[in-house]
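We name chains A, B, ... by the order of the sequence lines, and we start the count at 1 in each one.
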Amino acid sequence: MLGTFKENLMVRVDFPCFDIQKIAESGQCFRLVRSGQDDWTLTAFGKALHIRKIKNGEYIFSCTKREFNSIWKNYFDLESDYGAYADQIPKSDRFLSAAAEYSEGIRILNQDPWEMLITFLLSQRKSIPAIRTCVEKLASSFGNEINDDGKTVYAFPTPEQLYHAGVDGILSCSAGYRAPYLYEAASLVLSGELDPEYLKNSDDAELKEKLLSLRGVGEKVANCVMLFGYHRINAFPVDVWMNRMIDRHYNGSFPMDLYRGFAGIIQQYIFYYGRTYSGH
DNA sequence: TGCCAGGCTTCAC
DNA sequence: GTGAAGCATGGC
């Protein structure tokens, strides 16, 4: 039996280069959680979505075809040709070729810019499991309730909700010294000085400048927000893992010029390979 | 138990 | 412009 999947409320999809497990483990999203052997649950855009793997590349989604086409197809970036990106890696780069093959199926999600800003403000000097815990605490403490087939899950808090939570409320969710960063960001949105949606219209340089002006946002966090929240796939976040890989395999200098325009996708392959595969 | 985490701000120099 | 200390708290 299909359980949470009802015949009139599910979509069967079959896409190449799409692997939900790798995406869930790729460090770009924190609310896509494995809920069974072949099942994942995603909370995003005020909705709960269930995803079940049938076989490689083939999945069923717990939503109507209309919802799939209007929200999730874009969310999972299913219309981009990731094979074409991987094809541009020179065969001579054995490390990157292996990383791309290992990471096949990862896509850069189109996530909510506000959620990405707050999530990656939180991410600094936290482990990925700790980020996940913190995001869930924020959602269940301050976010709207979502009825997920009888079970209650929580939407990511809006700027208004975080503002009303206050620094103390945010602190109670294990945000630590980052709590004022989150609170300030929420305040700026409420005052109109920061408009995450409007920034979708900005070019890369303008967007980055605005992000860097926020307290708690540096080079790395800005690049994560650009890549995962604004789908600027040329953004190239460099963290401790990336530095480790670049030092080990490129003598400290990565040939960015080869990947102009989609360096962020290459970055994601290196990051995922470096973090999850021990044999390199 | 102690160490480290998808870094940033602040303050010397 | 570069370098180094300090940072709250959870995971392992």
Side-chain angles (χ1 to χ4, degrees), chain A residues 22-34 99 102-103 106-109 111-113 115-141 156 162 165-188 194 208-249 252-254 256 263-278 280:
Chain A
K22 292 180 188 174
I23 292 171
E25 293 174 355
S26 70
Q28 61 176 308
C29 58
F30 299 90
R31 309 203 70 197
L32 173 58
V33 179
R34 194 168 199 161
Y102 179 83
S103 307
I106 292 180
R107 287 167 180 267
I108 306 294
L109 305 183
Q111 302 183 79
D112 178 68
E115 181 172 336
M116 289 302 98
L117 173 61
I118 295 304
T119 300
F120 282 96
L121 271 172
L122 273 178
S123 74
Q124 56 184 267
R125 278 184 69 86
K126 267 186 185 297
S127 65
I128 289 180
I131 299 166
R132 223 179 264 283
T133 303
C134 192
V135 167
E136 284 315 308
K137 281 188 192 171
L138 285 172
S140 59
S141 301
F156 194 83
L162 267 197
V167 175
D168 287 342
I170 298 169
L171 264 177
S172 71
C173 299
S174 313
Y177 70 92
R178 311 157 194 82
Y181 301 162
L182 273 61
Y183 181 74
E184 277 186 34
S187 305
L188 289 174
L194 174 64
K208 188 165 193 177
E209 186 185 348
K210 184 66 179 177
L211 291 171
L212 287 173
S213 76
L214 305 173
R215 211 154 71 92
V217 177
E219 190 68 23
K220 191 271 172 183
V221 169
N223 277 314
C224 283
V225 177
M226 290 178 72
L227 182 58
F228 304 131
Y230 290 92
H231 208 71
R232 306 303 168 96
I233 59 171
N234 194 42
F236 193 83
V238 177
D239 68 329
V240 289
W241 286 100
M242 288 300 292
N243 271 327
R244 221 168 276 167
M245 293 299 108
I246 293 171
D247 284 346
R248 188 177 303 170
H249 299 283
S253 171
F254 184 73
M256 289 276 290
I265 290 165
I266 298 300
Q267 182 274 350
Q268 203 60 12
Y269 292 161
I270 298 174
F271 177 80
Y272 177 72
Y273 189 57
R275 238 178 57 80
T276 64
Y277 181 68
S278 53
H280 55 73

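- For Gln28(A), the side-chain hydrogen bond (donor to acceptor under 3.5 Å, both in side chains) partners two or more places apart in sequence, or in a different chain, are Ser26(A).
- For Tyr272(A), the ring pair (Phe, Tyr, Trp, His ring centres under 6.0 Å) criterion is met by Tyr102(A), not counting sequence neighbours.
- Regarding Leu122(A), its CG atom lies at a distance of 15 Å from the C1' atom of dC7(C), rounded to whole Å.
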In a table with atom names and distances, give each donor-acceptor pair under 3.5 Å that connects a side chain of residues 168-175 of chain A to protein atoms at least two apart or in another chain.
residue: Ser172(A); atom: OG; partner: Gly169(A); partner atom: O; Å: 2.6
residue: Ser174(A); atom: OG; partner: Lys137(A); partner atom: NZ; Å: 2.6

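- For the C1' atom pair drawn from dC7(C) and dC3(B), the interatomic distance equals 16 Å after rounding to whole Å.
- Tyr277(A) is linked by a side-chain hydrogen bond (donor to acceptor under 3.5 Å, both in side chains) to nothing, counting only residues two or more places apart in sequence or in another chain.
- Applying the 4.0 Å criterion to OP1 and OP2 of dT9(C), one finds that Ser174(A) has every side-chain N and O outside that range.
- The same atom, P, is picked in dT9(B) and in dG10(C); the two are 23 Å apart, to the nearest Å.
- When the P atom is compared between dC4(B) and dA5(C), the two are found 15 Å apart, to the nearest whole Å.
- Comparing dG11(C) with dT1(B), their C1' atoms sit 13 Å apart, to the nearest whole Å.
- In this structure the side chain of Tyr181(A) never reaches within 4.5 angstrom of the side chain of Val217(A), judged on heavy atoms.
- Residues satisfying the side-chain contact (heavy atoms from CB on, under 4.5 Å) test with Glu184(A), not counting sequence neighbours, are Arg215(A).
- The CG atom of Leu138(A) sits 14 Å away from the P atom of dT9(C) (whole-angstrom rounding).
- Where Gly176(A) and Cys134(A) each meet DNA chain C at their nearest nucleotide, the meeting point lying more 5' is that of Gly176(A).
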Legend entry - Per-nucleotide protein contact string for nucleotides 4-11 of chain B (B base, S sugar-phosphate only, - none; heavy atom under 4.0 Å): -BBBSS--
